[in-house]
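Heavy-atom basis, side chains included; hydrogens, waters and symmetry copies ignored.
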Amino acid sequence: MSRTPKSPSPRRSRSGGESPTAPTAPGGGDATRERILAHLERCAGRGVPPTVREIGEAVGLRSPASVHRQLRALELAGRIASEEDGRSRRWRLAAGRSPRRRAGSIPVVGRIAAGAPIESLEGDTDPLPLPPEAFAGSGEVVALRVEGESMREAGILPGDYAIIRRQPEVENGEVAAVTIDGGGTLKVWRQSGRQVALEPRARGFLPIPLGPRSGEVRVFGRLVGVARLYGTR
């Protein structure tokens with residue numbers, strides 16, 4: 001599995017490349033936090049927010065202190081909130097963070113750039129009437145509306161929906177949805193040793209090198225399909 005590496009700092013290309021920069025590198029708890037968010041979303045569907053103990057059991061953390069550490073980080077980031085039920089504190093996704101869901105459909109959780117990174121991998125849009133199991137046999141499957149031209153030669157066009165399987169790691173050569181300081185971009189994850197770049201699939205765009213000064217880099221998920229709805233452009 002590929003993880004965000006340490007590599008030379010990104011630089012802006014002269015012909016359409018992108019260069020998001022920020023002072024901090026990604027933290028080591030990203031995968032655990034993504035599992036916590038996925039568990040909170042499952043619990044939201046049942047209508048009962050989980051306790052710290054229940055969250056720890058679900059994601060494999062034995063120490064309550066470790067669970068509290070991850071929950072505090074997510075709370076500070078505005079992704080979750082807590083509530084008291086008279087006996088214990090329970091945790092839920094923050095308002096606006098849970099996408100609309102419908103049986104046999106794929107929720108649209110935002111838009112993503114096939115170009116320069118843009119804001120928002122979250123949203124509140126009607127789901128696509130497509131069965132998730134047609135794209136992935138397991139895991140959480142979501143859709144992102146594509147903007148930009150840098151994946152055109154891979155058959156991914158503006159207005160398409162990128163179908164993404166949520167996962168914190170991808171393999172070399174897979175197309176991934178990646179956030180850089182919260183802005184999402186859709187690119188090929190290319191790794192050689194400790195060097196990683198996000199590669200476009202269109203002439204006129206150059207790779208985005210990832211390194212210690214790239215900002216907070218997180219794999220949002222892997223591309224498992226593309227949906228094109230007539231009349232959406």
Side-chain angles (χ1 to χ4, degrees), residues 1-4 18 30-31 34-35 37-39 41-42 44-45 93 97-180 182-191 196-203 205 207-208 210 217-233:
M1 287 291 194
S2 301
R3 297 179 181 272
T4 303
E18 309 93 11
D30 287 350
E34 289 299 326
R35 290 198 299 272
L37 290 171
H39 180 64
E41 190 163 321
R42 288 192 296 270
L93 294 172
R97 292 291 179 174
S98 183
R100 292 182 187 176
R101 295 190 177 276
R102 190 178 299 156
S105 66
I106 299 175
V108 178
V109 298
R111 58 197 180 102
I112 192 165
I118 59 175
E119 91 285 352
S120 184
L121 280 170
E122 304 291 342
D124 189 18
T125 305
D126 288 336
L128 297 180
L130 300 170
E133 59 272 16
F135 297 91
S138 63
E140 180 187 3
V141 177
V142 300
L144 298 164
R145 181 75 177 266
V146 175
E147 297 187 0
E149 301 277 351
S150 74
M151 295 298 288
R152 177 175 288 275
E153 293 174 14
I156 304 171
L157 306 179
D160 288 350
Y161 288 90
I163 310 301
I164 304 294
R165 183 187 187 276
R166 292 294 305 270
Q167 57 189 71
E169 299 173 351
V170 292
E171 299 289 349
N172 183 40
E174 292 181 331
V175 178
V178 179
T179 63
I180 303 174
T185 191
L186 188 70
K187 295 287 185 294
V188 177
W189 182 277
R190 186 64 65 192
Q191 183 163 0
V196 169
L198 303 179
E199 291 185 350
R201 282 292 179 266
R203 282 172 286 186
F205 294 85
I208 306 172
L210 299 182
V217 178
R218 175 180 297 156
V219 174
F220 180 81
R222 175 173 63 88
L223 182 76
V224 293
V226 176
R228 185 170 302 151
L229 305 183
Y230 178 76
T232 59
R233 291 193 179 79

Val217 vs Val196, side-chain contact (heavy atoms from CB on, under 4.5 Å): CA-CA, chis, key distance, verdict: CA-CA 11 Å; Val217 178; Val196 169; over 6 Å; no
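- A salt bridge is absent between Arg222 and Glu171: the closest approach of a Lys/Arg side-chain nitrogen to an acidic carboxylate oxygen does not fall below 4.0 angstrom.
- Side-chain contact between Val219 and Pro168 is absent, with no heavy atoms from C-beta onward closer than 4.5 Å.
- Contacts of Glu199 classified as salt bridge (Lys or Arg N to Asp or Glu O under 4.0 Å), with partners at least two apart in sequence or in another chain: Arg190, Arg201.
- For Ser150 (side chain) and Ala202 (main-chain N/O), no donor-acceptor pair under 3.5 Å exists by modelled atom type.
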Compile the donor-acceptor pairs under 3.5 Å between side chains in residues 127-136 and protein atoms, sequence neighbours left out, one pair per line.
none

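- Residues Pro200 and Arg152 have side chains not in contact (no heavy-atom distance under 4.5 Å, counting atoms from C-beta outward).
- Annotation: side chain of Leu157 is in contact with side chain of Arg228 (closest heavy-atom distance under 4.5 Å).
- In this structure, Ile163 and Ala143 approach most closely via the heavy-atom pair CD1-CB, 4.0 Å.
- Residues Leu186 and Ile164 are in side-chain contact: their nearest non-hydrogen atoms beyond the backbone lie under 4.5 Å apart.
- A pairwise comparison of heavy atoms in Gln167 and Glu169 identifies NE2-O, 2.7 Å as the closest pair.
- Phe205 is listed as a side-chain neighbour of Glu149, based on a closest heavy-atom distance under 4.5 Å.
- Within the model, atoms OG1 of Thr185 and CG of Leu144 stand 11.0 Å from one another, a figure rounded to the nearest 0.5 Å.
- Counting heavy atoms from C-beta on, the side chains of Met151 and Val146 never come closer than 4.5 Å.
- Arg145 contributes a side-chain N or O that, together with a main-chain N or O of Gly159, makes up a donor-acceptor pair within less than 3.5 Å.
- Using a distance-only test at 3.5 Å, with no hydrogens or angles considered, a donor-acceptor pair links the side chain of Glu153 to the main chain of Arg203.
- Using a 4.5 Å cut-off on side-chain heavy atoms (C-beta onward), Val178 and Ile208 make no contact.
- Both cation-pi conditions hold for Arg166 and Phe220: the charged atom is under 6.0 angstrom from the six-membered ring centre and inside a 45 degree cone around its axis.
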